[in-house]
Amino acid sequence: MIGPPVLVVAEIDGAGPTANSLELLTVARNLATGSGRVVVACLGTRIGEGVGSELAAHGADAVVMVDDPIFTPFQADAWVHELAAIATELKPGTILVPHSLAGVEVAPRLAFRLDTAVATGCVGLDLVDGDARWTRSCYGGNAREVVSIHTTPVIATIAARAFDPLPANQAASVAIDRRPATVDPGNVRARVIAKSAAMTTGVRLENAKVVVSGGHGLGGAAGFEQVRTLAALLGGAAGATRVACDLGWCPRAWQIGQSGKTVVPDLYFALGISGAAQHMAGCGNAGAIVAVNTDPDAEIFKSARFGIVADCNEFLAALIEEIRKVRP
Amino acid sequence: MHIVICIKQVPDPEIAPSVFRVDEVAKKVISLAGTAPVINPFDEQAVEAALRIRDAEQDPANVTITAVTMGEATSEKIVRKAMALGVDQGVTLVDAAFADSDAYATARALAAAITKLGDIDLVLTGRQAADSDAGVVALGIAELLRLPAITLAKKIEVADGAVQVERAVSEGEETMAAPLPAVITIAHELGAVRKPSLRETMRAGRKPVRRWGPDDLGMDAESVGRAGSRRVVERLYQPTRDVDCEWVSGDEPAAIAKALVGRLVEQKLL
Ligand SMILES: Cc1cc2nc3c(=O)[nH]c(=O)nc-3n(C[C@H](O)[C@H](O)[C@H](O)COP(=O)(O)OP(=O)(O)OC[C@H]3O[C@@H](n4cnc5c(N)ncnc54)[C@H](O)[C@@H]3O)c2cc1C
């Protein structure tokens, strides 16, 4: 018997699908084993030529492509309408959505529109006798819960970097079903009236292999200039705690944590950061954490591979010098 | 103008992670002796957002602000707290039948309460609850009541039957607009919240708080609480962090830096 399809909602960034979208395909293939197909819904404006084949290479069987100016910039009313229409037609068993700025708005609304339920920010999937169990973080990162949903379609948003994309199979082919948008522009009630993109210079935090982060212990904006310097030297990105952002010591876009960004670098420097659960929720899965704190009992050391009890400003200056020596 | 704020009582999210404990059998967080539950910090900012909208009105007396909460009997405290900040009236959905609601059941009960309140212009909530971290309820209310929604507000302006919202998106700037009534979720970036004033605190005790159960909302026991919920919690646990901290030390910062870089290179981390 052929099971119901798994519907994956992909997001496009520039010419291709986002990394998070490709990671969703890994989850989808897991769910579709043996039976159903993996169908990707791709909404956008002037969607690039290569998008379909890239999705196919990472696990998509079919792509429903709706290319229309109404989908850019992202407005949830338009997306929810179109995705609900696609879901009503395809009757998927599961809908997977990126846990992105757009995804966290689309998925809950889609769940209510389709009279089902949603698990947000999932970081793990287990199949128990075919029943999906989703692991997600809660209590500001202090706890994890494993949940299941028994109405269909099951909807889940999947956290970035929780799964690896499948190795690309360039030979995979895909059926692309291009269709016109069915959204009536008059039904887009909440509208974007002004939008400016930030100037992104250097490595993006979410993709960085090395992240240098500072907290309250850095003592001021000057410390964050040093953070920026070290991050640049290491080819990485700079981050911060919410407290540091609130104090205006660094840009808000640097915030890592429960209400900021999630990063999964190989190496994470935590300078003058206490290690609150809400901060660790955004960096706890880093490969190795180097923590620098004057307080040997600071919570951060419980998550650290390397611990240094020192003044973080003095240490940061010394580390920059040392790195310049080994990497002139 | 009538603004409804949905607020939730949560375990204090600022307690030290080292004392946080869950009961894996009951699948609940163990409440710590000596720590009182608090109003979800993001919801506290929703209260602040409502008060700022009223402050900006030509005739603030034309604005009524109602706080609605669903939860244990103790959650009346957070409604009183919101009143001490200036909220006019409260509704508590307190009934054993509401226990163990998931986001779906919660959104349905709150939507029913908002419908019962009648003519409303804005529904404000925090961006997410600090306990469930899900961010579902507000959007569910919007869908159930067929209202437009804007998330992650850091600045809200109401004029001519519409709302204009600056959103806290991490990259760049974004402003959205929607006709009223609308649902808006509030981000931390809204900024600091006010302290209760003596005058409002004195008045808070006399402000009306209505307590509604499923019957008052026209809901049967099957559609609320655990029975009306759709997600099953299979397990609740604390993640373990299996890291042994290797201390790197030295006489002076330069020596520590050198030792650290050496170790990172050995471990192929640099
Ligand atoms: C609902 C909610 C959501 C939140 N979301 C986030 C989030 O997304 N991201 C986030 O980061 N936080 C978040 N927080 C805040 C979080 O709880 C902490 O308050 C915050 O992470 C602490 O930041 P910090 O480590 O910089 O500051 P602190 O906790 O003040 O720690 C500073 C540390 O620096 C050390 N120190 C001081 N001086 C020096 C020195 N000279 N050299 C070295 N070390 C020094 C101190 O020993 C201390 O450990 C949230 C909180 C709540 C309630």
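Please read these numbers as outputs of a predicted model, since none were measured by experiment.
Residues passing the salt bridge (Lys or Arg N to Asp or Glu O under 4.0 Å) test with A:E314: none are found, sequence neighbours excluded. Applying the side chain to side chain donor-acceptor pair (under 3.5 Å) test to B:K27 and every residue at least two apart in sequence or in another chain returns nothing. Residues that satisfy the side chain to side chain donor-acceptor pair (under 3.5 Å) test with B:T35, not counting sequence neighbours, are absent from this structure.
With rounding to the nearest 0.5 angstrom, the SG atom of B:C245 is 9.0 Å from the CD1 atom of A:I308. Note that NZ of A:K302 is 13.5 Å distant from OG1 of B:T240, once rounded to the nearest 0.5 Å. In this structure, B:M176 CE and A:R191 CZ are separated by 9.5 Å, a value rounded to the nearest 0.5 Å. In this structure, CZ on B:R231 lies 13.5 Å from OG1 on A:T116, to the nearest 0.5 angstrom. From A:L114, atom CG reaches atom CD of B:E143 across 9.0 Å, with rounding to the nearest 0.5 Å.
Of the two parts of A:E321, neither the backbone nor the side chain holds a non-hydrogen atom closer than 4.5 Å to a non-hydrogen atom of chain B. For A:L319, the parts sitting under 4.5 Å from any heavy atom of chain B are the backbone and the side chain alike. Residue A:K209: no heavy atom, backbone or side chain, is found under 4.5 Å from chain B. Within the 4.5 angstrom heavy-atom criterion, only backbone atoms of A:P296 (N, CA, C, O) approach chain B. Contacts of A:D246 with chain B are made by side-chain atoms alone, with heavy-atom separations under 4.5 Å and no backbone atom involved. Interface residue A:D115: backbone and side-chain heavy atoms are both found under 4.5 Å from chain B. For chain A, the nearby parts of B:A177 are the backbone and the side chain; heavy atoms of each come within less than 4.5 Å. The parts of A:R305 that come within reach of chain B are both its backbone and its side chain, each placing non-hydrogen atoms under 4.5 angstrom from that chain. There is no contact between A:S274 and chain B, counting heavy-atom distances below 4.5 Å. Contacts of A:V290 with chain B are made by side-chain atoms alone, with heavy-atom separations under 4.5 Å and no backbone atom involved. Using a 4.5 Å cut-off between heavy atoms, A:R144 touches chain B through backbone and side chain atoms alike. In this structure, chain B has heavy atoms under 4.5 Å from both the backbone and the side chain of A:A304. Heavy-atom distances place the backbone of A:V104, and not its side chain, under 4.5 Å from chain B. Only the side chain of B:Q128 comes within contact range of chain A, with at least one heavy atom under 4.5 Å from a heavy atom of that chain. At a 4.5 Å heavy-atom cutoff, the contact between B:A103 and chain A is made by backbone atoms alone.
Residue with the most contacts toward chain B among A:D77, A:L316, A:V309, A:T120: A:T120 (heavy-atom pairs, distance under 4.5 Å). Ranked by heavy-atom pairs under 4.5 Å with chain A, the first of B:D131, B:L236, B:D102 is B:D131.
What you find for B:R127 and A:S259 is that their closest heavy atoms are NH1-O, 3.4 Å.
Of all residues spanning residues 256-270 of chain B, those with a heavy atom less than 4.5 Å away from chain A's heavy atoms are B:I256, B:A257, B:K258, B:L260, B:V261, B:R263, B:L264, B:Q267, B:L269, B:L270, arranged by number.
Formation of a donor-acceptor pair under 3.5 Å by the A:Q278 side chain with backbone atoms of B:P13 is found in this model. Remark: side-chain polar atoms of A:R136 are paired, donor with acceptor, to backbone N or O of B:D133 under 3.5 angstrom.
Side chains of B:S170 and A:Q255 form no contact here, defined as non-hydrogen atoms less than 4.5 Å apart.
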